[in-house]
Amino acid sequence: FKTASSEPQPLSFVYFGDAQNNLKSMWSRAIRGAYGKMPEANFMIHAGDLINRANSDQEWGEWFYAGGWVYGSTPSVATPGNHEYYRDEERTSLLSRHWQPTFTLPENGPEGSQETVYYTDYQDTRIISLNSISLQISPEDSAAQVNWLREVLANNDQKWTVVTMHYPIYSSVRGRDNENLRNALQPIFEEYKVDLVLQGHDHTYGRGTNLPIGSKTKTIGGPIYVVSVSGPKMYDLGLEEWMQRAASNTQLYQLIKIEDNKLKYEAYMVTGELYDAFELKKQANGRNLFADLAPASVEERLEIPELRKKEFTEEDILRYEGRLREYKKRKKKNK
């Protein structure tokens, strides 16, 4: 391994959504496929729910088995998910006993949030981890994180800014909406021109922005939001208006490369095929020019996962088909 440069340099990293289940048998192909595609990656971002049961020795053991020796040369930048939490006898929500012994993460977050809320600067890119679990359940933690985030962004001298958190600002799955999270964070992300927000939790894939992209200039003033899943547990898609590329029933890993004023994003299926891609070019005013590079030859995977379909009523299926028609209509209109 080698340490980061103190000067701006090109960098690359891998981003994983929830691993969570069948780590040894099925998530292993995600982390190994990602390493095979990008062995020179500077670090890996894990957007929460690395395991299913917070204190399970077996599951953490499988997580380590899946990545094997890769962890020895490629640092992990992890943010906690709800499955990294458990309740004690008093029903208090506590972080996994494995978290801090497993990871050595920056301790520059708010008091009491060390190694879950933090930032690290790497070759002209600021990576920020937010603890969206405590943000949702604790008003005190929420206020502390929001104030901390605003200060970290206001004093940011890096060219690029990437935020990772578990609960998504915009959900990609049916029936979820983290309104409190969105109200607290989205205005700050837009004010300080955050470039990417990398999330998990919804066990589907969604990529898009809540801000309009002009048909000619393709300029955006806020983040690209991504929700992804790298493990085999799958939900059905919400197909909401913010989504510009979606997938269900698909294990994915994402490769991000940053060099000077250009950020290149690619999402791969565990079979090795490119599924989604886009490019951001940073302008002098801090806004980004967006180019959608999703492969036209790869159709979107939008079917309801079989296990979910068994739980659906006929009415559920009709509602999904309605959402799917509206989604395809929007996509056609925005081409």
Side-chain angles (χ1 to χ4, degrees), residues 1-17 19 41-51 54 60 63-64 67 70-82 84-85 94-136 138 140-167 181 184-185 188-189 192-200 223 254 256 258 263:
F1 70 90
K2 61 182 179 180
T3 56
S5 171
S6 59
E7 302 295 327
Q9 294 286 341
L11 72 90
S12 59
F13 62 91
V14 182
Y15 148 55
F16 297 105
N42 297 102
F43 52 85
M44 300 178 288
I45 287 180
H46 304 271
D49 283 5
L50 286 63
I51 42 73
W60 282 104
W63 188 84
F64 275 105
V70 173
Y71 297 129
S73 59
T74 308
S76 288
V77 176
T79 195
N82 52 301
E84 272 76 58
Y85 278 82
L94 299 172
L95 185 64
S96 167
R97 291 191 290 266
H98 288 267
W99 188 264
Q100 289 185 301
T102 296
F103 302 111
T104 302
L105 299 166
E107 297 184 9
N108 52 17
E111 186 65 33
S113 298
Q114 285 83 1
E115 296 190 277
T116 65
V117 182
Y118 59 87
Y119 76 89
T120 184
D121 291 339
Y122 202 108
Q123 297 175 183
D124 220 13
T125 299
R126 177 159 290 186
I127 309 293
I128 300 172
S129 167
L130 296 176
N131 188 335
S132 57
I133 315 307
S134 64
L135 240 165
Q136 286 278 64
S138 168
E140 294 80 12
D141 284 354
S142 178
Q145 281 195 62
V146 167
N147 292 336
W148 175 88
L149 175 65
R150 186 175 287 280
E151 184 177 346
V152 165
L153 290 173
N155 296 292
N156 183 8
D157 60 356
Q158 307 293 293
K159 182 175 289 184
W160 295 93
T161 305
V162 177
V163 171
T164 182
M165 55 198 290
H166 184 62
Y167 290 151
L181 202 68
L185 299 177
I188 302 174
F189 291 163
Y192 291 101
K193 299 182 177 67
V194 169
D195 300 293
L196 272 182
V197 181
L198 306 177
Q199 307 146 112
Q254 290 71 219
I256 293 105
I258 298 176
L263 182 151

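If you're wondering where the values come from, they're calculated on a predicted model, not measured in any experiment. Nothing fancy with the numbering, it's 1 onward along the sequence.
Note that CD of E115 is 10.5 Å distant from OG1 of T102, once rounded to the nearest 0.5 Å. Note: L130 CG to Y118 OH = 10.0 Å, rounded to the nearest 0.5 Å. Between the OG atom of S134 and the CG atom of L95 there is a distance of 9.5 Å, given to the nearest 0.5 Å. Residue S132 holds its OG atom at 8.0 Å from CG of N82, rounded to the nearest 0.5 Å. Summarising the geometry, atom OG belonging to S5 is positioned 10.5 Å from atom CG belonging to N42; distances are rounded to the nearest 0.5 Å. The distance from the CD1 atom of I258 to the OH atom of Y122 is 11.5 Å, given to the nearest 0.5 Å.
Checked by atom type, the side-chain pair Y85/N131 shows a donor-acceptor distance below 3.5 Å. Residues T79 and H46 bring no donor and acceptor atom of their side chains to less than 3.5 Å of each other. Side chains of S113 and Q145: no donor on one and acceptor on the other come within 3.5 Å.
Ring geometry for Y71 versus F64: interplanar angle over 60°, hence perpendicular rather than tilted (30 to 60°). Using bins of under 30°, 30° to 60° and over 60° for the plane-to-plane angle, the ring pair Y119/W148 lands in the tilted bin. Aromatic ring orientation, W60 versus W99: perpendicular (interplanar angle above 60°, classes split at 30° and 60°).
Closest approach of M165 to L185, counting heavy atoms only: CE-CD1, 3.5 Å. Here the closest heavy-atom approach between residue A41 and residue F13 is recorded as CB-CA, 4.2 Å. Across every non-hydrogen atom of W63 and S76, the tightest pair is CH2-OG, 4.1 Å. Between F16 and M44 the shortest heavy-atom distance is CE1-SD, 3.9 Å. Of all heavy-atom pairs between L196 and L263, the closest is CD1-CD1, 4.0 Å. When all heavy atoms of I133 and P80 are compared, the closest pair comes out as CG1-O, 3.9 Å.
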Practice prompt. For side chain to side chain contact (heavy atoms under 4.5 Å, CB included), just list the numbers for K193 and T161, CA-CA rounded to whole Å, side-chain angles, deciding distance to a tenth of an Å, and then say yes or no.
Written response: CA-CA 8 Å; K193 299 182 177 67; T161 305; over 6 Å; no
Discussion item. As a quick check of understanding, evaluate side chain to side chain contact (heavy atoms under 4.5 Å, CB included) for Q199 and Y167, giving each step before the final call.
Written reply: CA-CA 6 Å; Q199 307 146 112; Y167 290 151; over 6 Å; no
Worksheet item: After noting the C-alpha distance and the side-chain angles of L11 and F43, does the key distance pass the side chain to side chain contact (heavy atoms under 4.5 Å, CB included) rule?
Response: CA-CA 9 Å; L11 72 90; F43 52 85; 4.3 Å; yes
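The shortest distance between side-chain heavy atoms of T164 and Y15 does not fall below 4.5 Å.
Distance alone, capped at 3.5 Å, places no donor-acceptor pair between the E84 side chain and the A54 backbone. Not a single donor-acceptor pair under 3.5 Å links the side chain of R126 to the backbone N or O of K159. For Q9 (side chain) and Q123 (main-chain N/O), no donor-acceptor pair under 3.5 Å exists by modelled atom type. Side chain of D121 to backbone of I127: no donor-acceptor contact under 3.5 angstrom is found.
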